[in-house]
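Because the structure is a prediction, the values reported are computed rather than measured. First listed ligand is number 1; within each ligand, the first listed atom is number 1.
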Amino acid sequence: MPRASDEASTLRVENLDVTYGRAVSALRSVSLDVPPGSVVTLLGANGAGKTTLLRAVSGTLRLHRGAVTAGAVRYGDTVLDGQDPVAAVRAGVVQVPEGRRVFAGLTVDENLRSGGLGLGRRTPERIREGRDRVFALFPRLAERTKQQAGLLSGGEQQMLAIGRALMAAPGLLLLDEPSLGLAPQMVERIAEVVREINAQGTSVLLVEQNAGMALALADHAYVLEVGEVRLSGPAGELARTDAVRRLYLGETGETGETGETPETDGAAPGGAERGAA
Ligand SMILES: Nc1ncnc2c1ncn2[C@@H]1O[C@H](COP(=O)(O)OP(=O)(O)OP(=O)(O)O)[C@@H](O)[C@H]1O
Ligand SMILES: [Mg+2]
């Protein structure tokens with residue numbers, strides 16, 4: 001089982017180019033690191049390429065007719081670009097896709113058992129450990145093991161989707177907009193869960209449009225803009241930059257009441273650096 005404390009388990013994305021079909025360039029020279037034990041968030045508007053980056057890491061790009069055309073993705077010593085999803089799961093990297101996809105016709109329990117399929121080393125004890133972990137995080141799921149997943153609420157389905165991913169005991173969890181469409185209370189619950197999962201030693205790469213929630217959770221943040229890293233830096237610093245506050249935190253910033261210097265083109269005050277080229 002991969003351990004987040006293992007120094008080797010850093011996710012390293014280097015100068016990544018991704019293209020869909022032959023023509024659509026979705027990512028250009030994107031570099032990003034997720035150090036062991038950290039929460040890193042990836043922010044950006046619709047179509048910026050957030051999901052594409054997660055797909056490149058989890059080996060699911062090809063299912064969407066995408067391909068890495070330059071650069072590399074490594075998790076520890078394992079090269080992940082060009083690999084399939086099973087290879088990523090074996091390496092300890094598991095994605096929870098957008099839109100909280102669960103098997104609607106299967107029960108909660110059956111959904112959980114489907115997590116980590118393909119690992120090929122799932123003893124009954126390992127499965128029990130996984131379920132115990134999931135039910136400790138999500139007591140609501142424990143009360144609904146026999147219920148059809150399609151009948152769960154949206155928030156419960158998101159919990160189940162995360163729970164299923166945890167059944168593979170990942171060292172790195174990739175979360176694609178887990179808070180999308182959920183009520184504020186449920187968003188807060190998801191945030192707590194991300195904190196708990198991380199405290200248990202799993203690194204998290206969190207894609208979010210809810211920048212407030214994501215920046216509060218993350219150690220480090222990246223902002224993608226039309227396929228390129230526009231800004232990156234410690235999450236707290238990024239949250240204070242004018243560009244992020246205006247574009248992603250919904251603040252107007254019209255009066256300059258904070259006394260910060262006006263934003264110059266593309267520059268990030270507060271020490272956040274531009275993304276590495
Ligand atoms: N399967 C695909 N085939 C062709 N183009 C695609 C495919 N998937 C995504 N794209 C394109 O790649 C770009 C990045 O899309 P992506 O889904 O990664 O963005 P995103 O940041 O996740 O957006 P959102 O916030 O809407 O989920 C977009 O221009 C999109 O149209
Ligand atoms: Mg997306």
So that I can tick it off, tell me whether Arg189 and Glu196 are bridged by a salt bridge, with the cut-off set at under 4.0 angstrom between side-chain N and carboxylate O.
yes
re atom 14 (C) of ligand 1, the protein heavy-atom contact at minimum distance is Gly47 O, 3.4 Å
Under a 4.0 angstrom heavy-atom cut-off, which atoms of ligand 1 come close to Gln209?
25 (O)
Can you report which non-hydrogen protein atom sits closest to atom 25 (O) of ligand 1, along with the distance?
Lys50 NZ, 2.7 Å
Could you see which bit of Arg55 sits under 4.0 Å from ligand 1, with heavy atoms only: side chain, backbone, both or neither?
side chain
With the threshold set strictly below 4.0 angstrom, can you tell me whether any protein non-hydrogen atom sits that near atom 28 (C) of ligand 1?
yes
Does Ala45 have a heavy atom less than 4.0 Å from any atom of ligand 1?
yes
What is the closest protein heavy atom to atom 26 (O) of ligand 1, and at what distance does it sit?
Asn46 ND2, 2.9 Å
About how many Å separate OG of Ser203 and CD1 of Ile197, when rounded to the nearest 0.5 Å?
11.5 Å
Any heavy atom of Gly49 closer to ligand 1 than 4.0 angstrom?
yes
Atom 9 (C) of ligand 1 [closest protein heavy-atom partner, distance rounded to 0.1 Å]:
Tyr20 CE1, 3.4 Å
Are any N, O or S atoms from Thr51 nearer to the Mg ion (ligand 2) than 2.8 Å?
yes
